[in-house]
Enquirer: 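For reference, the structure I am asking about is given below.
Throughout, numbering of the chain's residues begins at 1 and tracks the sequence. Basis for what follows: all heavy atoms, side chains included, without hydrogens, waters or symmetry-related copies.
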Amino acid sequence: MNKKFFISRNYKSVFNAAGKAKIDCEDILKEISFRNIGFSQSAIPNSAIGTIKNFFGITYALLRLPVKSTLCTQYPFNKFRSYIIAIAKLKNCSIITIVHDVRALKGRTNNIQKELDKIITTDAIIVHNESMKQWFLNQGTSIPITVLDIFDYLPSKGIPMQNDTHTTDQKYEIVYAGGFAHGKNAYIYDLDTVPNQHFSMIWIPYPINILV
């Protein structure tokens with residue numbers, strides 16, 4: 001009997017980084033034999049309706065969650081996270097958390113410990129890169145940490161791969177979806193300093209469902 005589960009939910013938008021990453025993770029979890037025990041995934045833009053749907057979907061899932069099973073959660077998801085973790089622990093489940101973002105790393109909260117407690121109250125976490133892993137270790141995190149070494153997950157189109165026909169004259173197209181604020185995206189300005197530029201750059205000011 002498969003005892004690996006996740007709880008799908010409503011995402012306000014599937015066309016921004018926050019929604020896309022979590023939706024892609026749900027698709028990947030299904031591919032590796034995790035099963036959704038909540039309501040079907042949806043993209044209702046109305047916050048109130050989405051919150052109500054999430055509450056009943058999560059409650060339905062937690063009632064169905066078998067004892068001593070494995071539950072994969074995603075963070076950030078603050079509204080009902082404590083509820084999910086409490087019931088899963090009551091049922092003696094193993095809990096994994098995929099960490100997409102940490103507000104403390106962006107300087108958006110001064111209470112690092114409070115956020116940390118929301119994340120590491122599970123049996124293991126999965127993070128994007130070694131820098132994020134090191135941050136957790138510096139905070140005294142003792143649970144297992146796995147590094148993905150990637151940020152986005154499922155491209156809508158294939159990524160060009162180098163092969164025998166690749167030449168130095170070949171240009172790649174880079175699509176950048178986001179803002180140009182120095183504080184968060186200063187690295188964009190450094191692209192002008194890259195030697196031998198074999199790429200062209202396209203800027204999309206509003207995030208869309210695309211992987212660069």
Side-chain angles (χ1 to χ4, degrees), residues 2-45 47 50-51 53-55 57-62 64-66 69-85 87-89 93-106 115-116 118-133 135-136 141 143-159 175 177-178 207-212:
N2 180 15
K3 298 189 72 173
K4 299 187 296 185
F5 305 98
F6 69 94
I7 303 173
S8 189
R9 64 183 184 89
N10 181 74
Y11 298 98
K12 287 180 64 176
S13 175
V14 299
F15 299 113
N16 61 28
K20 181 188 186 304
K22 293 173 184 175
I23 289 168
D24 283 356
C25 278
E26 288 189 9
D27 290 339
I28 293 168
L29 287 170
K30 285 185 282 189
E31 289 182 9
I32 58 175
S33 301
F34 279 75
R35 185 162 63 90
N36 174 33
I37 52 172
F39 291 168
S40 297
Q41 183 189 106
S42 61
I44 301 169
S47 295
T51 298
K53 180 180 183 292
N54 282 338
F55 173 74
I58 289 167
T59 300
Y60 172 68
L62 293 174
R64 300 175 66 206
L65 181 66
S69 57
T70 297
L71 178 67
C72 186
T73 66
Q74 300 192 62
Y75 183 89
F77 181 37
N78 296 321
K79 200 158 288 183
F80 300 111
R81 180 167 175 80
S82 297
Y83 176 36
I84 294 170
I85 300 301
I87 301 301
K89 285 190 172 184
C93 294
S94 297
I95 309 167
I96 303 166
T97 297
I98 302 171
V99 182
H100 297 281
D101 209 352
V102 180
R103 294 184 69 206
L105 288 174
K106 292 182 173 182
E115 182 172 32
L116 196 64
K118 290 180 181 178
I119 301 171
I120 64 171
T121 183
T122 55
D123 297 287
I125 59 175
I126 299 172
V127 300
H128 292 308
N129 53 48
E130 288 290 343
S131 294
M132 186 178 279
K133 176 181 178 178
W135 182 85
F136 277 101
T141 302
I143 61 174
I145 305 173
T146 298
V147 178
L148 282 178
D149 279 328
I150 56 175
F151 190 80
D152 273 305
Y153 302 92
L154 299 177
S156 56
K157 295 182 180 179
I159 300 174
V175 179
I208 60 171
N209 189 11
I210 190 167
L211 172 68
V212 176

Enquirer: Short question: side chain of Lys4, backbone of Ile32 - any donor-acceptor pair under 3.5 Å?
Expert: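 Yes; judged by distance alone, with no hydrogens or angles, the pair exists.
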Enquirer: Which atom pair, heavy atoms only, marks the closest approach of Cys25 to Gln74?
Expert: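 That closest heavy-atom pairing would be CB-OE1, 3.4 Å.
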Enquirer: Angle class for the Phe55/Tyr83 ring planes (parallel below 30°, perpendicular above 60°, tilted otherwise)?
Expert: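 Parallel: the ring planes of Phe55 and Tyr83 meet at under 30°.
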Enquirer: Once rounded to the nearest 0.5 Å, what's the spacing between atom CG of Asn54 and atom CZ of Phe39?
Expert: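 So the gap between those two atoms works out to 10.0 Å.
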Enquirer: So which heavy atom on Val99 is nearest to which on Phe136, and how close?
Expert: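 Nearest pair, atom of Val99 first, then Phe136: CG1-CZ, 4.3 Å.
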Enquirer: If every non-hydrogen atom of Cys72 is compared with every non-hydrogen atom of Phe34, which pair is closest and at what distance?
Expert: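 So the two residues come closest at CB-CE2, 3.8 Å.
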Enquirer: Under 3.5 Å, side chain of Lys118 to main-chain N/O of Phe77, donor-acceptor pair present?
Expert: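 No; judged by distance alone, with no hydrogens or angles, the pair does not exist.
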Enquirer: Once side chain to side chain donor-acceptor pair (under 3.5 Å) is applied, do any residues pair with Thr73, and if so which ones, sequence neighbours excluded?
Expert: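 Thr73: side chain to side chain donor-acceptor pair (under 3.5 Å) contacts with Arg81, Thr97.
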Enquirer: Between His128 and His100 (side chain of the first, backbone of the second, donor and acceptor by atom type, cut-off under 3.5 Å), is there such a pair?
Expert: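 A pair under 3.5 Å: yes.
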Enquirer: When you measure from the side chain of Asn10 to the backbone N and O of Lys53, does any donor-acceptor pair fall under 3.5 Å?
Expert: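 Between the backbone of Lys53 and the side chain of Asn10 there is no qualifying donor-acceptor contact (under 3.5 Å).
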Enquirer: With sequence neighbours left out, write down each residue that passes side chain to side chain donor-acceptor pair (under 3.5 Å) with Asp101, or none if nothing qualifies.
Expert: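 If we apply the side chain to side chain donor-acceptor pair (under 3.5 Å) test to Asp101, skipping adjacent residues, the hits are Lys106.
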Enquirer: Does Asp123 use its side chain to pair, donor to acceptor, with the backbone of Ile96 at less than 3.5 Å?
Expert: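 Not a single qualifying donor-acceptor pair exists.
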Enquirer: Mind listing the closest non-hydrogen atom pair of Lys3 and Pro66 along with its distance?
Expert: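 In this case the closest contact between Lys3 and Pro66 is CE-CB, 4.1 Å.
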Enquirer: Once salt bridge (charged side-chain N to carboxylate O under 4.0 Å, His left out) is applied, do any residues pair with Lys30, and if so which ones, sequence neighbours excluded?
Expert: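 With neighbours one apart ignored, the set is Asp27.
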